> 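One structure is given below, represented as structure tokens, and several questions about it will come after.
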Protein chains: 2
Amino acid sequence: MKEKNHLCDLNTCREIGQSCAMFNLRKASRALTQLYEEILKPSGVLPTQFTLLVVTRAMEPVAISRMAEVLVMDRTTLTRNLKPLEREGWVSVRQSSQDKRTREVRLTKKGMRRLERALPLWREAQQRIRTSLGESRLDRMIEDLTVVASRAATI
Amino acid sequence: MKEKNHLCDLNTCREIGQSCAMFNLRKASRALTQLYEEILKPSGVLPTQFTLLVVTRAMEPVAISRMAEVLVMDRTTLTRNLKPLEREGWVSVRQSSQDKRTREVRLTKKGMRRLERALPLWREAQQRIRTSLGESRLDRMIEDLTVVASRAATI
DNA sequence: GGTTAATTAGTGTATATACACATATCTATG
DNA sequence: CATAGATATGTGTATATACACTAATTAACC
């Protein structure tokens, strides 16, 4: 008997480490983020910042809430994540003329140049993980991740 | 021509948002973490804290570096993530008697009780995403994530 | 046995994340 | 058109994350 009285006996906890979706997702996220961070380093752009530059470019001009929605990121988190980019002058965040509540994010020329500098490095990082995992497996995983992101937000 | 002169033309940036492994992994990670956080809330245990309790339980007594390695987490991050758990009295972190450099993490009785309280909620969260995705798909994804975590750390 | 290497860990600083709460603006309704 | 409800945003606070640097201890080598 011993341990078996507990919900969280040893075997259970070892099993959780291998089966928990959240744990494994966060772990992989840390690992991959570190890889991208290292490769992106020469460009002076951090992983999240690269993402924000790309999404800004793809959606500009875009309201903070709308952008946060696409990123599945809390609105207030995005506000704060944009600060370093504003400070560097890579993006501008200005009040909309139509709706004075809304603040619109845009990529600046400087931000565009920085993104151009980071892009080849991103390709390198992407290629490395792609080669290591195999194309079909990576594509499959990204598809799964997309589903998780949309489901988790609505379940 | 117009935009095509840039490496980061519109279509490229839109494509990156859909194909970047890092972006999609982080996005899914945020989404799933929010789901688990909401469900775990009544237990007073945050997602990362739940993970630390489980891993501590599975490995105790365990050195910080060893635990960080398993978590694919920077050692200094783990040191700081353990602080709230120490403050709550859920884990103890004490110098090893064998090696005075090493500090060993252990689950306390209080931590065990808290973990017992959180476990049913974790099962609920796990079940929800499992049902939503389908067992085989979730298992497959977790397998892929495990490979990513180990590969990314060594590439 | 003493000096150097390697190992283990913490701090300073900066970014990333989100909840609770507060503020400003807009829209719809009477 | 005044006001109530909805919408868009920012701040305070706490946790999560990692790099650069530093300190202490151990192991290895001569």
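This one's a predicted model, so the numbers in the text were calculated from it and none came from an experiment. Below, chains carry the letters A, B, ... as their sequence lines are ordered, and counting in each starts from 1.
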> Is any side-chain nitrogen or oxygen of Thr48(A) closer than 4.0 Å to OP1 or OP2 of dT15(C)?
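No, because none of the side-chain N or O atoms of Thr48(A) sits under 4.0 Å from OP1 or OP2 of dT15(C).
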> Check whether any side-chain N or O of Gln49(B) sits under 3.5 Å from a backbone N or O of Pro84(B) as a donor-acceptor pair, and report yes or no.
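Not at all, since once roles are kept as given, no pair shorter than 3.5 Å links the two residues.
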> In this structure, how many angstroms lie between the P atom of dA14(C) and the CD atom of Gln49(A), rounded?
13 Å
> Scan residues 22-45 of chain A against DNA chain C and write down, sorted by residue number, each residue with any heavy atom closer than 4.0 Å; if none is found, say none.
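Close to the strand, none.
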> Give me the distances for all protein-to-nucleotides 9-13 of chain D N/O pairs that come in under 3.5 Å?
from	atom 1	to	atom 2	distance (Å)
dT9(D)	OP1	Ile64(A)	N	3.3
dT9(D)	OP1	Arg103(A)	N	3.0
dT9(D)	OP1	Arg103(A)	O	3.3
dT9(D)	OP2	Ser65(A)	N	2.7
dT9(D)	OP2	Ser65(A)	OG	2.4
dT9(D)	O3'	Arg103(A)	NE	3.2
dT9(D)	O4	Arg75(A)	NH2	3.4
dG10(D)	OP1	Arg103(A)	NE	2.1
dG10(D)	OP1	Arg103(A)	NH2	2.9
dG10(D)	OP2	Thr79(A)	OG1	2.9
dG10(D)	N7	Arg75(A)	NH1	2.8
dG10(D)	O6	Arg75(A)	NH2	2.8
dG12(D)	N7	Arg80(A)	NH2	2.7
dG12(D)	O6	Arg80(A)	NH1	2.9
dT13(D)	O4	Arg80(A)	NH2	3.3

> Would you mind classifying the nucleic acid contact of Asn81(A) as base, sugar-phosphate or nothing, using non-hydrogen atoms under 4.0 angstrom?
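Base contact - Asn81(A) has a heavy atom under 4.0 Å of at least one base atom.
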> Are a donor atom and an acceptor atom from the side chains of Thr12(A) and Asp9(A) found within less than 3.5 Å of each other?
yes
> Whole angstrom is fine here: how far is it from CG in Leu85(B) over to C1' in dA16(D)?
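So the CG-C1' distance, Leu85(B) to dA16(D), works out to 12 Å.
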> How many whole angstroms separate atom CH2 of Trp90(B) from atom C1' of dT15(D)?
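Between C1' of dT15(D) and CH2 of Trp90(B): 12 Å.
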> DNA chain C: Lys100(A) or Leu52(A), which has the more 5' nearest nucleotide?
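Nearer the 5' end of the strand: Leu52(A).
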> Between P on dT15(C) and CG on Leu82(A), what's the gap in Å once rounded to a whole number?
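From Leu82(A) CG to dT15(C) P: 13 Å.
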> Quick check against the 3.5 Å criterion: does Gln95(A) have a side-chain atom that pairs as donor or acceptor with the backbone of Lys100(A)?
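Yes; judged by distance alone, with no hydrogens or angles, the pair exists.
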> Quick one: look up who dC29(D) pairs with, Watson-Crick or G-U, both distances under 3.5 Å, and put none if it's unpaired.
dG2(C)
> Please check if any side-chain donor atom of Thr131(A) sits under 3.5 Å from a side-chain acceptor atom of Gln127(A), or the reverse.
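Yes, because at least one side-chain N or O of Thr131(A) sits under 3.5 Å from a partner of the opposite role on Gln127(A).
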> Between Asp99(B) and Asp99(A), just flag the one whose closest nucleotide in DNA chain D comes earlier from the 5' side.
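The residue mapped nearer the 5' terminus is Asp99(A).
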> Would you find a donor on one side and an acceptor on the other, under 3.5 Å apart, between the side chain of Thr51(B) and the backbone of Phe23(A)?
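Side chain of Thr51(B) to backbone of Phe23(A), a donor-acceptor pair under 3.5 Å: no, none is there.
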> Rounded to the nearest angstrom, tell me the gap between atom CZ in Arg94(B) and atom P in dG10(C).
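Atom-to-atom, Arg94(B) to dG10(C), this comes out as 14 Å.
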> Output the rounded distance in Å from CG (Leu71(B)) to C1' (dT17(D)).
13 Å
> Answer yes or no: is there a donor N or O on one side and an acceptor on the other, between the side chain of Gln126(B) and the main chain of Ala21(A), under 3.5 Å?
yes
> Figure out the CG/C1' separation between Leu46(B) and dA16(D), and round it to whole Å.
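It works out to 10 Å between those atoms.
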> Can you check whether Arg128(A)'s main-chain N or O pairs, donor with acceptor, with Ser132(A)'s side chain at less than 3.5 Å?
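It does not hold such a pair.
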> Quick test of your reading of the model: are Lys41(B) and Glu37(B) salt-bridged, counting only N-O distances below 4.0 Å?
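No salt bridge links Lys41(B) with Glu37(B).
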> Look at the side chain of Arg30(A) and the backbone N and O of Val72(B), then say whether any donor-acceptor pair between them is shorter than 3.5 Å.
yes
> Do side-chain atoms of Thr56(A) reach the backbone of Leu107(A) as a donor and acceptor pair under 3.5 angstrom?
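Here the side-chain-to-backbone pair does not exist.
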> When rounded to the nearest 0.5 angstrom, what distance separates OG in Ser150(A) from CG in Leu145(A)?
11.0 Å
> Within 90° of 0 counts as syn, otherwise anti: where does dA24(C) fall?
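That one's anti.
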> Using atom CZ of Arg87(A) as one end and atom P of dA14(C) as the other, report the distance to the nearest whole Å.
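That distance rounds to 8 Å.
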> What's touching nucleotides 1-5 of chain D from the protein side, N or O pairs under 3.5 Å?
none

> Take Gln98(B) and Met73(B), find for each the nucleotide of DNA chain D with the closest heavy atom, and name the residue whose nucleotide sits nearer the 5' end.
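Result: Met73(B).
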> Between Arg26(B) and Ser29(A) (side chain of the first, backbone of the second, donor and acceptor by atom type, cut-off under 3.5 Å), is there such a pair?
no
